[in-house]
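One structure is given here, and the rest of the page talks about it.
Heavy atoms only: backbone and side chains are in, while hydrogens, waters and symmetry mates are out. Read the numbers this way: they start at 1 and go in the same order the structure lists the ligands and their atoms.
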Amino acid sequence: MPPSTFTLNNGQKIPAIGLGTWQSPPGQVKSAVSYALQNGYKLIDGAYCYANEDEVGQGLAAAFEKGVKREDVFVVTKVWTTYNTRVEVGLDKSLKSLGLDYVDLFLVHWPLLMNPDGDDDRFPKKADGSRDIIHDYNHVDTWKQMEALLATGKTKAIGVCNYSKRYLEQLLPHAKVIPAVNQIENHPALPQQEIVDYCREKGIHVMAYSPLGSTGGPLMTAEPVVKIAEKHGVKPSTVLLSYHAPRESIVIPKSVTPERIKENLQLIDLDDEDQKLLREYSDKLTAEGKLQRFVYPPFGVDFGFPDKS
Ligand code: NDP
Ligand code: 1BO
């Protein structure tokens, strides 16, 4: 059986699977969160940027009313790019929406600064309609503020998202606290092996986002995924989600559909032959220059990922 938890570099236990909430619409995300927590989920991944944290909070509250305990839920949220020079303000906003006095893990969403005083606090635009990005910015300064948050008790752990090896190499020499997690897009069509290996070497846990290929789960029709699913008599989604346990990565599929939420918890052990097939698929896409990134950062900045997006 795949492990149900991993241990972070601060000793904290983290569930191996959680529920994603990006693009979970208002009117559905409350019941998705509440349903998930009452049906075995112990981790919820959210973000200020998703503009649905009020409802995620309502979902948490509904689950608590049904007897789920706060201490049994691992809540993750992220500081959005307009708050990267004032991370505690960003965290306070999320805590208020979530109705919590602490989160278990607070992540830097992107190593980038968008105008904190712009026309919008999620996606500010310049007068010409382009993204209002502040280029005079050092992501290490954001990390220093993240480190200071630990003393407030408002988060138990801190980490990053969307950090390539290059960004981690810039950060780590200045870090007093090594990020507990790096949340990155990760699946067999974007194995990110260099980052995964580097994170493991440095004691940083990878949390894999868009494991099904994001909206609509397009990776569920990939040939080797279907083949392995047929062999085990499971759904392709189960194969994609089970890909991460042997890599010691946490995985956070999003769904607002009760039966999918439930079935996504049922991970299987992929055998050596399955893992070889998926590795060969990744290697082939890499060699052909056909890696598939489904979540393109809408910033036009080279973050140093393998495909230079
Ligand atoms: P996923 O890869 O999790 O795919 C979600 C899609 O797959 C939805 O359309 C969902 O539909 C569908 N789906 C889910 N389970 C099944 C199933 N068993 N069978 C068939 N279809 C299924 O995409 P996300 O991009 O949402 O990634 C997951 C989470 O990762 C996000 O929600 C977010 O929390 C996080 N994330 C973080 C990012 C970052 O920058 N840090 C970036 C992107 C994501 P439906 O909901 O209708 O059931
Ligand atoms: C800009 C997309 C963020 C998803 O986490």
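- A distance below 6.0 Å separates the ring centres of Phe123 and Trp80.
- At a 4.0 Å heavy-atom cut-off, ligand 1 touches Cys161 through the side chain alone.
- Residue-ligand proximity, Ile252 to ligand 1, at heavy-atom distances under 4.0 Å covers atoms 28 (C), 29 (C), 30 (O), 35 (C).
- Those atoms of ligand 1 that come under 4.0 Å of a heavy atom in Val256, given as number and element, are 45 (P), 46 (O), 48 (O).
- Residue-ligand proximity, Gly213 to ligand 1, at heavy-atom distances under 4.0 Å covers atoms 2 (O).
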Between ligand 2 and the protein, which N/O pairs are shorter than 3.5 Å?
residue, atom, partner, partner atom, Å
ligand 2, 5 (O), Tyr50, OH, 2.7
ligand 2, 5 (O), His109, NE2, 2.8

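- Atom 13 (N) of ligand 1 has Leu212 CD1, 3.7 Å as its closest protein atom, hydrogens excluded (heavy atom only).
- In terms of modelled atom types and a separation under 3.5 Å, the side chain of Gln145 and the main chain of Thr85 share a donor-acceptor contact.
- Salt bridge annotation for Asp45-Lys78: present, with a cationic side-chain nitrogen under 4.0 angstrom from a carboxylate oxygen.
- The closest approach between a heavy atom of Tyr50 and any atom of ligand 1 is below 4.0 Å.
- Every N/O-N/O distance between Val295 and ligand 1 stays at or above 3.5 Å.
- Shown in contact with Thr257 at under 4.0 Å from a heavy atom are these atoms of ligand 1, numbered in order with element: 45 (P), 47 (O), 48 (O).
- Applying the 4.5 Å side-chain rule to ILVMFWY residues, one finds Leu113, Tyr137 in the same cluster as Ile134.
- At least one donor-acceptor pair under 3.5 Å links the side chain of Asn52 to the backbone N or O of Thr21.
- Which parts of ligand 1 touch Asn162 is read off a 4.0 Å heavy-atom cut-off, strictly below it: atoms 39 (C), 40 (O), 41 (N).
- When ring centroids are compared, Tyr50 and His109 come within the 6.0 Å threshold.
- By the side chain to side chain donor-acceptor pair (under 3.5 Å) test, Glu53 pairs with Thr77, Ser94, sequence neighbours left out.
- Residue, atom and distance of the protein heavy atom nearest to atom 3 (O) of ligand 1 are Lys254 N, 2.9 Å.
- Of the candidates Ser255, Ala208, Gly216, it is Gly216 that places a heavy atom closest to atom 8 (C) of ligand 1.
- Between Asp272 and Arg279, no side-chain nitrogen of the basic residue sits less than 4.0 Å from a carboxylate oxygen of the acidic one, so the salt-bridge criterion is not met.
- Side-chain atoms of Asn186 and Tyr243 form no donor-acceptor pair, as typed in the model, at a separation below 3.5 Å.
- Listed by first then second residue, pairs satisfying salt bridge (charged side-chain N to carboxylate O under 4.0 Å, His left out) with a partner in residues 204-232 read Lys231-Asp271, Lys231-Glu273, Lys231-Asp274, not counting sequence neighbours.
- Distances below 4.0 Å separate heavy atoms of Pro253 from the following atoms of ligand 1: 3 (O).
- Within a 6.0 Å radius of NZ in Lys262, other residues, nucleotides and ligands contribute 12 heavy atoms or fewer.
- Nearest protein heavy-atom contact of atom 31 (C) of ligand 1 is Trp22 CB, 3.6 Å.
- Among protein heavy atoms, atom 27 (O) of ligand 1 sits closest to Ser210 N, 3.0 Å.
- Protein heavy atom closest to atom 34 (O) of ligand 1, with residue, atom name and distance, is Asp45 OD2, 2.6 Å.
- Comparing heavy-atom distances from atom 45 (P) of ligand 1 across Glu263, Lys262, Arg260 singles out Arg260 as nearest.
- When only non-hydrogen protein atoms are considered, atom 4 (O) of ligand 1 lies nearest to Ser214 O, 3.4 Å.
- For the pair Met220 and ligand 1, a heavy-atom separation below 4.0 Å is found.
- Every atom of ligand 1 with a heavy atom of His109 under 4.0 Å away is listed here by number and element: 39 (C), 40 (O), 41 (N).
- Atom 15 (N) of ligand 1 has its closest protein heavy atom at Asn264 ND2, 3.0 Å.
- A heavy-atom separation below 4.0 Å is found between Gln183 and ligand 1.
- Scanning all protein heavy atoms for the shortest distance to atom 39 (C) of ligand 1 gives Tyr209 CE2, 3.2 Å.
- Electrostatic pairing of Lys165 and Glu169 counts as a salt bridge here, judged by a charged N lying under 4.0 Å from a carboxylate O.
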